[in-house]
Student: 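Shown below is the structure under consideration.
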Amino acid sequence: NLVPQLCVALIERIDAADHHRVARLHRQVMAVHEATQALGGIVGAKAALRLLGAPGGWPRPPRLPVAPARAQSLVDVLVHLGVAASEGLR
C-alpha cells in the first residue's frame, strides 16, 4: 500500500461516523489511486517510491519500468496532498 496511514485514517473516520472528514480522505485516496493508475498501477507506484528515496523495487517482466519524468506526476500528487510527508516518504 502506497499510503497506509491515509487508509487507516479513512477507516477510523468511517468508524467514527465523521462524514465530512471521510469525504475529504476518500478524495485523497482516490487522487492517489487515479495518479497511480495513470502510470500503469504498481509500476508507477514503484517508480514514485524510488523518486522519493523509498524502497520501491523494480517491476518484474513483462512489465516495464516507468520513466522518472512520468513518475514525477504521482510524486507531485503525494506531495500536494501532504501524504508524502505524513507517510514518511520525504
Side-chain angles (χ1 to χ4, degrees):
N1 186 330
L2 188 57
V3 287
Q5 292 181 34
L6 178 60
C7 292
V8 168
L10 175 61
I11 292 167
E12 289 174 349
R13 295 298 86 210
I14 290 169
D15 289 345
D18 184 352
H19 303 294
H20 177 72
R21 184 95 190 262
V22 166
R24 187 174 66 80
L25 292 169
H26 183 259
R27 283 191 298 273
Q28 290 180 335
V29 168
M30 291 310 299
V32 172
H33 171 74
E34 290 168 5
T36 303
Q37 292 306 305
L39 295 173
I42 190 65
V43 295
K46 288 176 174 287
L49 285 168
R50 287 192 308 273
L51 286 176
L52 290 166
W58 295 91
R60 290 181 289 214
R63 292 187 171 100
L64 299 173
V66 172
R70 283 194 61 221
Q72 186 62 46
S73 63
L74 176 53
V75 171
D76 293 345
V77 168
L78 295 171
V79 170
H80 174 74
L81 294 175
V83 296
S86 67
E87 297 288 348
L89 297 173
R90 270 231 170 146

Student: Looking at every non-hydrogen atom in both residues, tell me the closest pair between Leu49 and Gly56 and how far apart they are.
Tutor: CB-CA, 3.8 Å
Student: How many angstroms lie between atom CG of Leu74 and atom OG1 of Thr36, to the nearest 0.5 angstrom?
Tutor: 4.5 Å
Student: Shortest non-hydrogen contact from Gln28 to Leu81?
Tutor: O-CD1, 3.7 Å
Student: To the nearest 0.5 Å, tell me how far His33 NE2 sits from His26 NE2.
Tutor: 9.5 Å
Student: For Glu87 and Leu6, which heavy atoms make the closest approach, and how far apart are they?
Tutor: OE2-N, 2.9 Å
Student: Could you tell me whether the side chain of Arg50 and the main chain of Gly57 form a donor-acceptor pair under 3.5 Å?
Tutor: yes
Student: Apply the side chain to side chain contact (heavy atoms under 4.5 Å, CB included) test between Glu12 and each candidate in Asp15, Ile14, Val8, Leu10; give the one that qualifies.
Tutor: Val8
Student: Taking Gln72 for its side chain and Leu51 for its backbone only, find out whether a donor-acceptor pair lies under 3.5 Å.
Tutor: no
Student: Looking at every non-hydrogen atom in both residues, tell me the closest pair between Ala35 and Val77 and how far apart they are.
Tutor: CB-CG2, 3.9 Å
Student: Using every non-hydrogen atom in the two residues, find where Pro59 and Val43 come nearest and quote the distance to one decimal.
Tutor: CB-CG1, 3.4 Å
Student: Answer yes or no: are there more than 12 heavy-atom neighbours, outside Arg24 itself, under 6.0 Å from its atom CZ?
Tutor: yes
Student: Mind listing the closest non-hydrogen atom pair of Ala48 and Ala71 along with its distance?
Tutor: N-CB, 4.0 Å
Student: Any non-hydrogen side-chain atom of Leu78 less than 4.5 Å from a side-chain atom of Val3?
Tutor: yes
